[in-house]
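The next block holds one structure in the form of C-alpha cells; read it before the comments.
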There are 6 protein chains.
Amino acid sequence: MPRHDGRAPNELRPVTVERGFVRNSPGSALYRAGRTTVLVTAHLSDKVPPFLEGKGVGWLTAEYSMLPGSTPTRKSRGTDGRSTEIQRLIGRSLRAVIDTKALGPWTLHVDADVIEADGGTRTAAITAAFIAVADALSSRFGEAAGTILRDSVAAVSTGIVAGEPVLDLDYPEDSTAEVDFNVIRLGGGGLVEVQGTGEGGTFSRPQLQALLDLADEGIDRLIQVQRETLGIHWPFIV
Amino acid sequence: MPRHDGRAPNELRPVTVERGFVRNSPGSALYRAGRTTVLVTAHLSDKVPPFLEGKGVGWLTAEYSMLPGSTPTRKSRGTDGRSTEIQRLIGRSLRAVIDTKALGPWTLHVDADVIEADGGTRTAAITAAFIAVADALSSRFGEAAGTILRDSVAAVSTGIVAGEPVLDLDYPEDSTAEVDFNVIRLGGGGLVEVQGTGEGGTFSRPQLQALLDLADEGIDRLIQVQRETLGIHWPFIV
Amino acid sequence: MPRHDGRAPNELRPVTVERGFVRNSPGSALYRAGRTTVLVTAHLSDKVPPFLEGKGVGWLTAEYSMLPGSTPTRKSRGTDGRSTEIQRLIGRSLRAVIDTKALGPWTLHVDADVIEADGGTRTAAITAAFIAVADALSSRFGEAAGTILRDSVAAVSTGIVAGEPVLDLDYPEDSTAEVDFNVIRLGGGGLVEVQGTGEGGTFSRPQLQALLDLADEGIDRLIQVQRETLGIHWPFIV
Amino acid sequence: MPRHDGRAPNELRPVTVERGFVRNSPGSALYRAGRTTVLVTAHLSDKVPPFLEGKGVGWLTAEYSMLPGSTPTRKSRGTDGRSTEIQRLIGRSLRAVIDTKALGPWTLHVDADVIEADGGTRTAAITAAFIAVADALSSRFGEAAGTILRDSVAAVSTGIVAGEPVLDLDYPEDSTAEVDFNVIRLGGGGLVEVQGTGEGGTFSRPQLQALLDLADEGIDRLIQVQRETLGIHWPFIV
Amino acid sequence: MPRHDGRAPNELRPVTVERGFVRNSPGSALYRAGRTTVLVTAHLSDKVPPFLEGKGVGWLTAEYSMLPGSTPTRKSRGTDGRSTEIQRLIGRSLRAVIDTKALGPWTLHVDADVIEADGGTRTAAITAAFIAVADALSSRFGEAAGTILRDSVAAVSTGIVAGEPVLDLDYPEDSTAEVDFNVIRLGGGGLVEVQGTGEGGTFSRPQLQALLDLADEGIDRLIQVQRETLGIHWPFIV
Amino acid sequence: MPRHDGRAPNELRPVTVERGFVRNSPGSALYRAGRTTVLVTAHLSDKVPPFLEGKGVGWLTAEYSMLPGSTPTRKSRGTDGRSTEIQRLIGRSLRAVIDTKALGPWTLHVDADVIEADGGTRTAAITAAFIAVADALSSRFGEAAGTILRDSVAAVSTGIVAGEPVLDLDYPEDSTAEVDFNVIRLGGGGLVEVQGTGEGGTFSRPQLQALLDLADEGIDRLIQVQRETLGIHWPFIV
C-alpha cells in the first residue's frame, strides 16, 4: 500500500535548514521537514549546575516547547509530561557528542521551539540542535569546537503503519501507527538512544530489525544534510 | 545629533511581513522591523470567557512571549510582569477594532512570540496581529470579516533620545531614552492608547505633542504596509 | 449633563489621609478619596535586587493588592494581570522622585492594599505612597530624606464620560467611560507617566489636551493635600 | 513578677471595634486589642462547595492573611503553614455557631487581614469575625439571622510566661512563653476548641486548669464587647 | 453502648511496629494500629534552616502525606490544609524531646507516609516517629543519642462518641464523634500539646478531664510499646 | 568479570510479592526485588478523561513517586522530569494489555510508590502493577476481568556494565552502566516498549540483540512470578 503522500517506505520528507535564522543567538537553525518546522537556538553561559560546580566540566541542557500556533487547534502554552520527556531526550542525545571536560565549565542551552507540528518534531529538534550547537561552539571557541564535539548526532522516526515499516512519519501516519520508533545515532554509527512503543499493538524482534535498518538509511542522509548546511563550519576533519 | 544607525528622526526601520508563515494557523505573520522579528498567529475557538457566556458576543485575547533565543543573553521562559503588561495592551488594542456583536460567540486568540528582540516588540506585535486577525477572520467568515473589523489598527514607538524626539526606537535607543512613548491608533485616526513614561526623566506638554506628531507619521506608513501585505484580502472597501 | 454625584467636571472627591495608621511601619497612610480607601505602608530593607548588587545605588519596588472585602462581590486573593500592571506603574512613578545614588544600597518596599474600591485605586495608591515613603525615609535618614527625594509625585485619573472630560472618576463613571486617562506628575510640573485607553471608543488629540488640563488641576490640589498631611515633615524647603 | 506592660495576670488589653469599616462589605469590623489590629469582612455567596451541592445546607470558610506592613520587618505576602493552620481554626470556630440547615445553600466567606500584629491575631480574628458574620447575615436575612446563629463565639489566648499563667499575651510575652494556650468558647459556655502547646517546655494538668480559668474570664468580657458593639443588632433575645 | 468493634472505652487497637522497614533509612518504622498503617523514616542532614545558621543548634522538621491508596476512594496526591496542620504538629511534638544544642548543627527530617488510613494517623505518626528518630540518632551519634533526646514522646486520640468518652478512635468513630481530642505527652508525664475540637458540638470542663484521663492511660501503654520495640536501643537509662 | 553481588549475567535478583498489602485498595502489591521495594495500588473510578467522555471506553493512568526515605540521602517530595517520564511509561505499558472497550467507561488509577530504591524501580513498578490491576478488576468485575485484560505484561532492565550485557541492574551497576536498556513485553511475547540509552557511550546492533535476549529470559521468569502470586486469580485460562 503506498504512503498517503506518495513517498517510498524509506523516503524522508524534503529537509531545508536556514542557519543563523536568529541573529541574536550564537547558533540557530530554522529546520523544516515537510510541514514540520522547528526553530533551535543554542547559547553558552558560564555557569554550571550545582552538581558540577568546581569540577571543571561542562553541561548541556535542553528545553522543548510548542508554540500555540503550531497545531491546527491552538495549543495552550506550558510544559506537559510529553514536552518534559522530549526535552530530556534532546539533552541526553546532544550530551552524547559533547566532551564535557574539553568544554570546561560552561553550560550549553539548547532551545527547540516548534513552529509547525506535522510529526517528527523531537527528531527534527535533535538534528537541528547539532547544527546550532556546532555554531555556538565555533562562535565562542573557534576551531576548538572540533575537539569539544566528539561526533555528529542526528535522529529520525520510523514506525509500522498499516503493517508496513516506514521512515519519517508525518502526523497522519504517526497518529495511526501501530508502532512508533525513534532512533538517535552518531555520525560514526554508534546508537545513542532507541525508543520504540507499541501504540496500538506490539512488535516482534524481526520488525524491530527492519525499523533499525530504515533508521540507519535516514540518519545517513540527515548527517549529509547537517554537513552541507555547516559547510566549512563542519567541525570535523573530513 | 544623528541617530546611531543614520536614520532621520521620523524614519521607520525597514519593515517586511511574511503572511501565512505558519501553515497550521488560519492567520499568521512573520513581521520584521530591522532586527526585531515577531511571529504572530491567530486562531478562533468557539468558546467565550465565562463573563460572556450566553450573551452572543465574542472576545479577543492575546499572549505575548519572548523565545529564549530572542535576546543576546538567553532569556528564561515564563511570564513576567512586563509580558503580562504587554499582552494586556495587545488584547485591548485589537479589541478596539473588533465588533464583538458582529463576531458572535467566538474567541480570537492572538499569540505574539518574539523571535528576535531589538526594541519595539510590543508595537510590532500589534501591527502584525492586525494582519493575522484579518486573515483568521476571512478564513472562517469570508467577506463578513469586513463587518467584524471596524477599522485597521497599528502601533509605533516614539521617544526622546539624547534630547530629541525620534520615531521607532531600536534597542540601543530604547535603553538610553529619557522618555518612551507608545501610540496605538486606528487607520481612521482615532487614538486607541497612548502610554508615555519618563524612564530617566520627565516630559513636558510640548514634548508630548512632538511625540504624537511623529507617531502619526509612522502609523500612517505602517497602515500602508498592512494594506499592501493583505492585498485583495484587505477587509475594507477602498 | 451633570455628574451622577453632583460634582463639577473638574472636582475631586473629598480626600482624607490618616498618617501613621500602621504603628509597626516606618511610613504608612490610610488614604480615602470618596469611597475609595487604600492603605499604603513603606519599609526599608538593606538588600538590593541582584542587578544592583555592589553598585552602591538603591531601589524601590511596589506591590498592589485588593483585599477580598474591597468590592461588593468578594474578590479572590492573588495577583492577576491587572494588579501586576498597577504595581509596576506604582513602582515606576515613585522611582521617578528617588535619587537612587543618594539613597544608597537600600530597597524601599511600598505596599498598597485596597480596602474599599470605588475607582481610582491606582492613582490613590501613588499619591498616598509618596507620603508613606517620605515618612519612611525621614524615620531612617532624618533630614537627608530631602536629598533622597527629588520632588513630590501625585497621580489622578481623568476620562471621557458621556462625551465629557471629567476629573477623578468613581466606579460608576469608570465602568461607563469611553476613555480612561491616568496622569502621574511631579510637584514641579514634569510628566512622569500618561496612560490613556479608549475602552469603548477612541479619542482625538484635542480631547487628549482637555484631559491633560483637568489632570493638571487635580494634581495641583493633591500635592497641596500631601503637603498639609506631612506638615513639618514635608521634605522640601518651602 | 509584674507583666512588662503593667497589666494584671487576668487583664485583657483595651479592645475597640469599628463596625462597618468597609462600606462595600455586608459585614466588617476593624478590631483593635492593644497594638494588634485585624480587619475582618464577611460576604455571602450563593454557591456551596462541591461536597454540599444539592444538600440544601450552607457552609462557612475563612481566609487569614497578614499585610506586609503588619510586622516591624516587612512580611512577604503569601500563605504559609501557619496561616493555613489559622484560617482552618477560624473556619471551624465560626461553623460551631452556624446552623447550616437554617442557613440554606449559601457560603459565608470570612476574611481576616492583620493590619498590625502584636500577638493574639488569631483569637482577635475569631472574636471580630462573629461581629462581621452577624452583620452579613442580618443584612441578607434580617431577623432570621438569629435562627441561623445558634450562639455567639469568642476566643482568647492565655499562656504561661515566666512561670505564671497570664491572659491575652502580646508579642513580647508570646515569644517568650513556655506554654501557649488558645481557647474558643461559646457565649453559653460550651468549649469549641482548646489548643495548648508547650513551646519551650511542657505543662501539667493543674496548669491547664488555671489557663482554662483565665480564658473563661477573658471570653466573658469579650462577649460583652461583642454585645455592646452589635447593640440592637445583637442577634439573640436578651 | 458498646463500641462498634467491641473494644472497651479505654482500649487501644492492637499495635505492631516493624523497625528498620526501610533499609536505606537510618531510622524507620512501619507502625500499625488496627487498620491504620503509617511508615515513618528519619534522616539527618548537615544543614540547618537559615534562621539557625551559625548558631550551633539543630532542628527537626516533619512532612506528612497520605498515599493515594490509603483511603477506600483514591486520594489525590499533594499537600492540603489538613496535611500542613498535621506536619506542623508532628514537628512541634518531636522537637519537644530534642535538645537542639546537644544535637548541634544537624537537621532531623521526619517523613510520615500513611499507607492505610483508619483514624488516628497523626498520633500514630508521632508515636512511630519517636522510634525512627531514636534509631537515626543512634546510627549517627551512638550512645550520645541518649543526651540529645530528653525524654520519649507519644500521642493518642480520644473523643466523645455517642456521648461517651473513648480512647483511640478508628475512622467510623472519628467521623461521627462529637468531640475529637488529641493528646501528645512525654514519657515523664508533661503535656506537650492538647488539641480538642467540638466537631458537631461543644464540650464541658468535666468532659475535658475525662478525655485527658483516657489519654494518660493510652499514652502509658504506647510508651511501653516504644520501649519494647527499641529494646536495647532504648536511649534512656532504665 | 563477575558481578559485584555474585549473580550470573542472566540472573534476576530474588523477587517476593505481598498481594493485598493495602487493605483499603481493591488491588495492591508490595513488590521486592533485592533491595528495591515498590508499593503499587490500583483503584477504579467511574470517570474518564475529557477526551473519552461519551465514547463508552475506559482509560488507565499511572503515577510514580519516590518516598523521601527511599534513597540513602533523603529525596525531596515532588514530581521531577524523571518521574514524569516514568509514570508515562507505566501508563503506556499497562494500557497495552487493557481492552478499553471491554472495560467500559471506567478509569484505572495505578499508583507506584517507591519505598526502597536500589535500581530497576520503573520495571518493578510495571511488573507489580499488573498484579494490582488484575486484582482491582477482579474485585469489581469478577471473571470478566479476564476479558478486559488481553494478556499479562512485565518489564525488566538490562544493560552493558563493564563491557558485559547483564540482566536486572541494581543501583551500583546502573550508575556505572555504559548502556541502560529497559524492555516491556507481553506474556505472549510481543514487545510493548524498548528504551535503550547510551549513558556513557553508544551501543551497536549486535549488543542490542544480546540485551533483548537477556530481557526475554528475565521477563519469562517474572511472568511466572506474576502467575504464582495471583494463583487462582490469574485472569487467563491456563
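Here is how names work: the chains are called A, B, and so on, in the same order as the sequence lines, proteins then strands, and each is numbered from 1.
Using a 4.5 Å cut-off between heavy atoms, E/Ile115 touches chain F through backbone and side chain atoms alike. The part of E/Thr41 that comes within reach of chain F is its side chain, from C-beta onward, which places non-hydrogen atoms under 4.5 angstrom from that chain. Contact of F/Ser70 with chain E is made through the backbone alone, with heavy-atom distances under 4.5 Å. Using a 4.5 Å cut-off between heavy atoms, E/Ser28 does not touch chain F at all. Contact of E/Leu39 with chain F is made through the side chain alone, with heavy-atom distances under 4.5 Å.
Using a 4.0 Å cut-off between a side-chain N of Lys or Arg and a carboxylate O of Asp or Glu, E/Arg77 and F/Asp113 qualify as a salt bridge.
Between F/Thr71 and E/His43 the shortest heavy-atom distance is O-NE2, 3.4 Å. Minimum heavy-atom separation, E/Ser25 to F/Gly69: OG-O, 3.0 Å. For the pair F/Phe21 and E/Glu116, the tightest heavy-atom approach, listed with the atom from each and the gap, is O-OE2, 3.8 Å.
The number of heavy-atom neighbours closer than 6.0 Å to CD of F/Glu143, taken from other residues, nucleotides and ligands shown, is 12 or below. More than 12 non-hydrogen atoms from other residues, nucleotides or ligands lie less than 6.0 angstrom from CZ of E/Phe141.
Contact tally against chain F (heavy-atom pairs below 4.5 Å) for E/Ser65, E/Pro26, E/Pro68: the top residue is E/Pro68.
Inter-residue side-chain proximity for F/Leu67 and E/Leu67 is flagged as met; some heavy-atom pair is nearer than 4.5 Å. Counting heavy atoms from C-beta outward, F/Thr37 and E/Arg23 have side chains that approach closer than 4.5 Å.
Of the options F/Leu44, F/Asp111, F/Thr107, a side-chain contact (heavy atoms from CB on, under 4.5 Å) to E/Arg74 is made by F/Asp111 and by none of the others.
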